[in-house]
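Here's the structure we're looking at; comments come further down.
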2 protein chains.
Amino acid sequence: MYDDREILLMKTRLREAGLRPTNQRLALSSILYSQGNRHITAERLHIEAQEQGIRVSLATVYNTLHQFTSADLLREVVVDSSRSYFDTNMGPHHHFFIENKGELVDIDGDDVEIRGLPSAPDGHVIKGIDVIVRLVAPKT
Amino acid sequence: MYDDREILLMKTRLREAGLRPTNQRLALSSILYSQGNRHITAERLHIEAQEQGIRVSLATVYNTLHQFTSADLLREVVVDSSRSYFDTNMGPHHHFFIENKGELVDIDGDDVEIRGLPSAPDGHVIKGIDVIVRLVAPKT
DNA sequence: ATAGCTGCAAATGCTTTGCAAGGCC
DNA sequence: GGCCTTGCAAAGCATTTGCAGCTAT
């Protein structure tokens, strides 16, 4: 949970992004940003909010995730065709995706070097490079 | 369109995969494999089939795409959370994804080298490594 | 006051499924 | 003949949207 100082910080970040610091947005940011980097789906964020006694609708969770993504407070990671993951780590990095758990793990971007990529076709702008290492966890 | 020799070849490949070489499957393979490597969605494959006067239901297109994927005749590429792309190129390679066109372009895997990836967590098996270079095409 | 938010429920879009009829070996 | 396939329509699921009521400034 956020302490008072963090609430103020987040209020400022939201205002700077042109978003009103509503209770729902502050509560969701608390879940997102007060436990280190996270990879979370809309459904899971909704559940965690409920567990903390926060009343938010799933529609608002989706709205918030997209608004945060537009505001560069969050990024969307496409690894699974059936659900969207949102990542609070905005630095350059890549991912392990553990397919049988639906779990993402960060790979620090500073460690990784990609060589030999052809340049983008004429006029095209590179928006980003995603490296996804797909894993299967042991049966236990 | 397939010629007779190619039809026989595909019949064999299907049988080897434990799939009966039905008209629908042969027609869809013709669209998939007789024009070089392709990246295609279920919807587009369905449309192209109709255009060639082949009667196939969308459900059968989906079934076929998944059966071909299980049989290693096709691979699924996850780049867009709202639709699935299927890739006929089974060799090692990566992709440009042109976001404003929904279009995939192959990057030969032999040219690309990735250094510095940490090893997978204990016991985890690497199923594959995907590199996706996200592009935006010029407005023109 | 008023522009922006929220929640609800309905709608959407892609994908999957159940099942009866048809096709392949 | 018997099992595999197909097509249709219905169902499923994650996500989006419309809109009336509420809230921050």
Side-chain angles (χ1 to χ4, degrees), chain A residues 7-8 10-31 39-50 52-71 73-74 76-86 102, chain B residues 7-8 10-31 39-50 52-71 73-74 76-86 102:
Chain A
I7 291 180
L8 284 179
M10 184 48 71
K11 281 193 177 180
T12 306
R13 289 175 81 189
L14 289 177
R15 285 208 182 89
E16 282 170 351
L19 298 171
R20 288 186 183 167
T22 64
N23 286 332
Q24 287 86 337
R25 287 183 182 142
L26 288 169
L28 294 176
S29 1
S30 164
I31 297 174
H39 306 90
I40 200 169
T41 62
E43 195 193 0
R44 172 125 280 282
L45 179 54
H46 188 226
I47 290 170
E48 291 192 20
Q50 315 260 276
Q52 300 194 10
I54 300 158
R55 277 183 54 265
V56 207
S57 71
L58 187 54
T60 297
V61 172
Y62 275 106
N63 287 337
T64 303
L65 287 170
H66 289 135
Q67 291 153 352
F68 281 21
T69 301
S70 301
L73 299 172
L74 223 47
E76 192 176 346
V77 186
V78 181
V79 282
D80 179 334
S81 45
S82 74
R83 31 194 336 107
S84 287
Y85 287 79
F86 292 86
Chain B
I7 292 180
L8 284 179
M10 183 48 73
K11 281 194 178 180
T12 306
R13 288 175 81 190
L14 290 176
R15 275 199 250 269
E16 281 168 354
L19 298 170
R20 289 184 184 170
T22 63
N23 286 331
Q24 287 85 340
R25 287 184 184 140
L26 287 170
L28 295 176
S29 359
S30 165
I31 296 174
H39 306 91
I40 200 169
T41 62
E43 196 192 359
R44 172 126 278 281
L45 179 54
H46 187 225
I47 289 169
E48 292 193 17
Q50 314 260 279
Q52 301 193 10
I54 300 159
R55 277 184 53 265
V56 207
S57 71
L58 187 53
T60 296
V61 171
Y62 274 106
N63 287 339
T64 302
L65 287 170
H66 288 135
Q67 291 154 351
F68 281 22
T69 301
S70 302
L73 299 172
L74 224 47
E76 192 176 346
V77 186
V78 181
V79 283
D80 179 332
S81 45
S82 73
R83 25 182 357 96
S84 287
Y85 287 79
F86 293 85

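Order of the sequence lines fixes the chain letters, A, B, ..., with proteins taken first and strands second; residue numbering starts at 1 for each chain. Scope of the values below: all heavy atoms of this structure, side chains included, with no hydrogens, waters or symmetry mates. Model, not experiment: these values are computed from the prediction.
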Output the distance between atom NE2 (A:H39) and atom CZ (A:R44), rounded to the nearest 0.5 Å. 14.5 Å
Which comes earlier along DNA chain C counting from the 5' end, the contact point of B:Y62 or that of B:P21, where each point is its nearest nucleotide? B:Y62
Grab the CD-P distance between B:E43 and C:dT12 for me, whole Å please. 16 Å
d(OH, B:Y85; C1', C:dT15) in whole Å: 15 Å
May I ask you to say what A:T41 touches in the nucleic acid, namely base, sugar-phosphate or nothing, with a heavy-atom cut-off under 4.0 Å? nothing
Please determine whether a side-chain nitrogen or oxygen atom of A:S81 lies at a distance below 4.0 Å from atom OP1 or OP2 of C:dC14. no
Integer-rounded Å distance: C:dT15 C1' and B:D80 CG: 14 Å
Can you see if the side chain of A:S84 gets near the phosphate of D:dT15 - specifically, an N or O under 4.0 Å from OP1 or OP2? yes
When you compare the side chain of A:L65 with that of A:L74, does any pair of heavy atoms fall below 4.5 Å? yes
Check the phosphate of D:dG7 against B:Q24, side-chain N and O only, distance under 4.0 Å to OP1 or OP2. Yes or no? yes
Just N and O in the side chain of A:R25: are any of them under 4.0 Å from OP1 or OP2 of C:dC5? yes
Which pairs, protein N/O on one side and nucleotides 17-21 of chain D N/O on the other, fall under 3.5 Å?
none

Taking CZ from A:R83 and C1' from C:dT15, how many angstroms apart are they, rounded to a whole number? 15 Å
Give a yes/no on whether any side-chain N or O of B:S82 is located under 4.0 angstrom from OP1 or OP2 of C:dG13. no
Could you check if a side-chain atom of B:P21 sits within less than 4.5 angstrom of a side-chain atom of B:R15, using non-hydrogen atoms only? yes
Using a cut-off of less than 4.0 Å, is there contact between a side-chain N or O of A:R15 and OP1 or OP2 of D:dT25? yes
Whole-Å gap separating C1' (C:dT16) and CD (B:E76): 13 Å
Should B:E76 and B:S84 be marked as a side chain to side chain donor-acceptor pair (under 3.5 Å) after you check the CA-CA gap, both sets of side-chain angles, and the distance that decides it? CA-CA 7 Å; B:E76 192 176 346; B:S84 287; 2.9 Å; yes
To the closest 0.5 Å, what do you measure between CD (A:E48) and CD1 (A:I54)? 10.0 Å
Do the side-chain N or O atoms of A:H66 get closer than 4.0 angstrom to the phosphate oxygens (OP1, OP2) of D:dT16? yes
Is the shortest heavy-atom distance from the side chain of A:L73 to the side chain of A:R13 under 4.5 Å? yes
Does a side-chain N or O from B:R20 land closer than 4.0 Å to OP1 or OP2 of D:dC4, or not? no
Distance below 4.0 Å between B:S57 side-chain N/O and D:dC8 OP1 or OP2: no
Taking the side chain as every heavy atom from C-beta outward, state whether A:F68 and A:H66 have any pair of such atoms under 4.5 Å apart. no
Answer with base, sugar-phosphate or nothing: what part of the nucleic acid does B:H46 contact at a heavy-atom distance below 4.0 Å? nothing
Could you check if a side-chain atom of A:F86 sits within less than 4.5 angstrom of a side-chain atom of A:V77, using non-hydrogen atoms only? no
Rounded distance (Å) that lies between atom C1' of C:dG23 and atom CG of B:L26: 13 Å
May I ask you to evaluate whether A:T22 reaches the phosphate of D:dA24, defined as a side-chain N or O under 4.0 Å from OP1 or OP2? no
Measure from CZ on A:R55 to P on C:dC8 and round the result to the nearest Å. 6 Å
For the side chain of B:V56, counting heavy atoms from C-beta on, which of D:dT15, C:dT15, D:dG7 is nearest? D:dG7
